[in-house]
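Scope of the values below: all heavy atoms of this structure, side chains included, with no hydrogens, waters or symmetry mates. Per chain, numbering begins at 1; letters A, B, ... match sequence-line order.
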There are 2 protein chains.
Amino acid sequence: MPTIKDVAKYASVSVATVSRVLNKKGYVSKEAEENVLKAISDLNYKPNSVARSLYHKTSKMIGLLIPDISNPFFPELARAVEDVALTYGYTVVICNTDEDIRKEAQYLEALQQKYIDGLILTTNQLSTDNYENLGIPLVALDRQFSNRVPTVSSKNYEGARKATEYLIKNGSEFIAHIRGPYHVKPADDRYRGFKDVVEEQGIAHIVVDCDFTMTNAMEVAKGLFEKYPTIDAVFASSDIAAAGVLKVAKNINKQIPEDLQIIGFDGIPLGEMLTPAITTVAQPIYKMGALSARLLIKQIEKQLLDVRNYEVETTIQYRETTRSDT
Amino acid sequence: MPTIKDVAKYASVSVATVSRVLNKKGYVSKEAEENVLKAISDLNYKPNSVARSLYHKTSKMIGLLIPDISNPFFPELARAVEDVALTYGYTVVICNTDEDIRKEAQYLEALQQKYIDGLILTTNQLSTDNYENLGIPLVALDRQFSNRVPTVSSKNYEGARKATEYLIKNGSEFIAHIRGPYHVKPADDRYRGFKDVVEEQGIAHIVVDCDFTMTNAMEVAKGLFEKYPTIDAVFASSDIAAAGVLKVAKNINKQIPEDLQIIGFDGIPLGEMLTPAITTVAQPIYKMGALSARLLIKQIEKQLLDVRNYEVETTIQYRETTRSDT
DNA sequence: CCCTTACCTGTAACCCGTTACACACACTAT
DNA sequence: ATAGTGTGTGTAACGGGTTACAGGTAAGGG
């Protein structure tokens, strides 16, 4: 690979002139510029971005910390981040943290040593300081953890309310909520939305815990239906959980949506692939990912943020696991 | 962030000594070592990997070029690559190429400029030279493209044969094959496996094309069932396609597996989530990803490869879209 | 004709590690 | 006493860019 020195020699100028041409900075005569340009193309010269990084202390790389790319919620998010990053000339480093504090710390250290330009966080096991001390721009995606960090999330509370109200409107009288993990903000908000509505309207209800896996959701659902056979609707905190509920319900021959309504949350593609397709409170996942990437890059490029916190709308996707459809 | 000079000053030694301690190379007295170690921990010094990269022309980063992370086949692969990479101290840069020649070229250039240490390729739009000219270790994953490049793939031809034979054994007499894109080697091999079996056994069959999306699969399946209502089995080249077929079949009230058997290929988690769960020719996806990462890192670290090409076994996951189950 | 200003260019320091090389010392072998 | 080996340490060049600074030329104004 040719270096800037080779180009300089070939074009009979100094490296400074080459650099000036490359960066379109400072004065360069037309003649010199042409020579340099020709040298660059003749030698097929590509500036070395590591050397640039070293000097500028930036890397044109951003990190995306997610719990697990194989959780179907994240690929679309990652895709959006990557798409936006690419258009601005950034590359994305994906880090699966498994919500493990040690892996997270390990990644943070590695990324910092590489002069990573910014971080999108959908995970926050470490204390806030650990992130802020990195001294680089951050965006919290889906989960918020500090009011100093710009955040992109969706209206989880409202979405949960809408879902619950919809189930009730369709005639359900005993609703189960399968909630997500406790330390996760969206799961808490969805739970609150559910609880507030059922309590306001005096509807019989039950809440059970579940992690992010479908296997767990199936176990939980099985136990639920055995213990409370009269449950006539389930609001699941994720589409994965809803899919698990659906599978169990079909196995025990419940008619969907006649005997049991199911509504999920997230709006992942899986929901539509199932039969019956799952009604869900959809978040604009791609949009959230893209938005957070833009928000991050804006910070990196020292632009002022007009809005620091985005709460995007959720919309109910009316599909086949709920009755009536308006 | 402290630099090696700060550490040297604090420990009253030269930077060379600090470097020697860091890399455990050359002679260092016990006393000096202790001082340096103390300085490192007192100052919380972390060596700057960009500077290291510049000198060593390596980056401890590997690139993973995939068509699209939101295609459910890839997250598990990416996850495996990332897990292995992490244990060897590498970070992974994910590149969604969309099978687009220009995006691929753009990534290749960016990665090369960053001194990327190696590449795992599941995509090959560019000509072989473009990859080999990078002068870095490569691994072809899922698709092979040159006998100079170590490859990890699964026995697509055999898997397809097994699937087709299984459908026939279960009594199907008119089998459709929904094949994948033409330029993709695994799709071709699966097609050949299917064709050879139906021709050997003189079974009525039809082959139709389809891309990687479920929407397309649904369109294709709809057309197929309208035109050939007597089709009694479908072998789809991917689980996504199989899911599309299943959905269409259920919509037109075909009894699965009584009226119609469906078998997919890949073994993505989705297959199990559906009801009925899709019988599929499963590839050990995680294993393939992990294997290719190890293969790549071995090359990067100049170890000799005892085996250069891995063809992993496929296994039929007997589930609910096929009859009998042995 | 002198001074200012715009334009153009090169030298060298800098970013932060790594390592070749030189030098110094202690000890053994001859 | 002298050469040779193993230790221990520092200086400086290097990797490949960027840029402050110095210095040079030409044009325009007074």
Comparing nearest nucleotides in DNA chain D, the 5'-proximal residue of the pair B:E33, B:Y115 is B:E33
Can you tell me the distance, in whole Å, between the CZ atom of A:R52 and the P atom of D:dT18?
4 Å
In whole angstroms, how far is the C1' atom of C:dG17 from the CG atom of B:N48?
7 Å
For A:D6 and D:dG15, what is the distance between atoms CG and P respectively, to the nearest whole Å?
11 Å
If only atom types and distance count, is the side chain of A:S53 paired as donor or acceptor with the main-chain N or O of A:T58 below 3.5 Å?
yes
CG on B:N309 to OG on B:S153, rounded to 0.5 Å:
7.5 Å
What is the separation between atom CE on B:M1 and atom P on C:dC16, rounded to the nearest whole Å?
8 Å
Rounded to whole Å, how long is the line connecting atom CG of B:L54 with atom P of D:dC14?
14 Å
For A:K57 and C:dC14, what is the distance between atoms NZ and P respectively, to the nearest whole Å?
13 Å
Go through the steps to decide whether B:M1 and A:Q112 satisfy the test side-chain contact (heavy atoms from CB on, under 4.5 Å), and finish with yes or no.
CA-CA 10 Å; B:M1 286 218 294; A:Q112 190 181 23; 3.8 Å; yes
Check whether any side-chain nitrogen or oxygen of A:S14 sits under 4.0 Å from OP1 or OP2 of C:dG10, and answer yes or no.
yes
Quick one: CG on B:L134 to CD on B:E132, what's the gap to the nearest 0.5 Å?
9.5 Å
B:L111 side, atom CG; B:M61 side, atom CE - distance, nearest 0.5 Å
7.5 Å
Cation-pi check for A:Y90 against A:K60: NZ or CZ below 6.0 Å from the six-membered ring centre and within 45 degrees of the axis, yes or no?
yes
Give me the residues of residues 15-32 of chain A where at least one heavy atom lies under 4.0 Å from an atom of DNA chain C, by number, or none.
A:A16, A:T17, A:R20, A:Y27, A:V28, A:S29, A:A32
When rounded to whole Å, the CG to P distance for the pair A:L43 and D:dG16 reads 14 Å
Looking only at side-chain atoms of B:Y45, point me to the closest of D:dG16, C:dG17, D:dT19.
C:dG17
Protein-nucleotide distance (B:Q113, atom CD; D:dG16, atom C1'), rounded to Å:
12 Å
For A:V13, which contact category applies under a 4.0 Å heavy-atom criterion: base, sugar-phosphate, or nothing?
sugar-phosphate
When rounded to the nearest 0.5 angstrom, what is the spacing between CD in A:E109 and CG in A:N130?
11.5 Å
